[in-house]
Amino acid sequence: MATNDPENARRILNRLRRARGQLDAVINAVERELPCRDVVTQLAAVSSALDRAGFAIIATAMKDCVADPESALAEDGITTEELEKLFMTLA
């Protein structure tokens, strides 16, 4: 993921690290045979964190693509049409 905004990249990485921690909590809950409610609650948190990270990644790519479509295509090999398809996979 190429981006011209290091702050945005940092935020995305933080979201992904948070999701990794939440996934560890899910694994721990299953290993400890915690109640279904606890496992599903943690799993929902992981899913939400991953979705937010995915949307942030796509939003960044869309901004870059709209600002300079030729550069986005040259750097990432991605078109606005492909970004739309990627967005819909998360929706």
Side-chain angles (χ1 to χ4, degrees):
M1 177 188 89
T3 181
N4 297 328
D5 184 357
E7 180 61 24
N8 193 46
R10 184 191 62 76
R11 284 193 302 267
I12 291 168
L13 284 171
N14 284 343
R15 285 183 190 270
L16 292 171
R17 288 183 181 113
R18 193 173 318 126
R20 180 173 49 196
Q22 291 168 325
L23 182 56
D24 287 341
V26 171
I27 292 167
N28 185 33
V30 170
E31 288 174 344
R32 293 177 41 216
E33 298 181 3
L34 294 182
C36 175
R37 180 182 303 120
D38 297 343
V39 174
V40 172
T41 299
Q42 286 293 331
L43 199 54
V46 172
S47 179
S48 178
L50 290 174
D51 285 346
R52 280 188 239 127
F55 286 127
I57 290 167
I58 291 172
T60 299
M62 284 181 166
K63 287 177 194 173
D64 292 345
C65 195
V66 168
D68 189 357
E70 289 82 24
S71 177
L73 184 59
E75 287 179 22
D76 290 335
I78 196 159
T79 64
T80 53
E81 292 81 14
E82 188 176 2
L83 283 170
E84 182 180 353
K85 288 178 185 176
L86 289 171
F87 175 80
M88 294 308 290
T89 63
L90 293 175

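The structure presented is a predicted model; accordingly, all values stated were derived computationally and were not measured.
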CG of N8 to CD1 of I57, rounded to nearest 0.5 Å, is 9.5 Å

Rounded to the nearest 0.5 Å, what's the gap from CD on E82 to CD1 on I58? Could you check?
-> 10.0 Å

Classify the side-chain pair S48/R52 by whether it contains a donor and acceptor separated by less than 3.5 Å.
-> yes

Please collect all ring-ring contact (aromatic ring centres under 6.0 Å, His included) contacts where either partner lies in residues 24-64, sequence neighbours excluded, each pair once.
-> F55-F87

Look only at the side chain of T41 and the backbone of R37, and say whether a donor-acceptor pair between them is shorter than 3.5 Å.
-> yes

Linking I/L/V/M/F/W/Y whenever their side-chain heavy atoms sit closer than 4.5 Å, directly or via other members, would L83 and L90 fall into one cluster?
-> yes

Does the distance from a Lys or Arg side-chain N to an Asp or Glu carboxylate O, for R11 and E7, drop under 4.0 Å?
-> yes

Applying the 4.5 Å side-chain criterion to the ILVMFWY set and letting contacts propagate, would V30 and L43 be lumped into a single cluster?
-> yes

To the nearest 0.5 Å, how far apart are CZ in R15 and CG in L13?
-> 11.5 Å

Looking only at heavy atoms, the pair that brings Q22 and A45 closest together is OE1-O, 3.3 Å

V46 and A19 have their tightest heavy-atom pair at CG2-O, 4.1 Å

Heavy-atom pair of closest approach, residues I12 and A56 | CG1-CB, 3.8 Å

Quick one: do L50 and V40 end up in the same hydrophobic cluster if we chain Ile, Leu, Val, Met, Phe, Trp and Tyr together by side-chain heavy atoms under 4.5 Å apart?
-> no

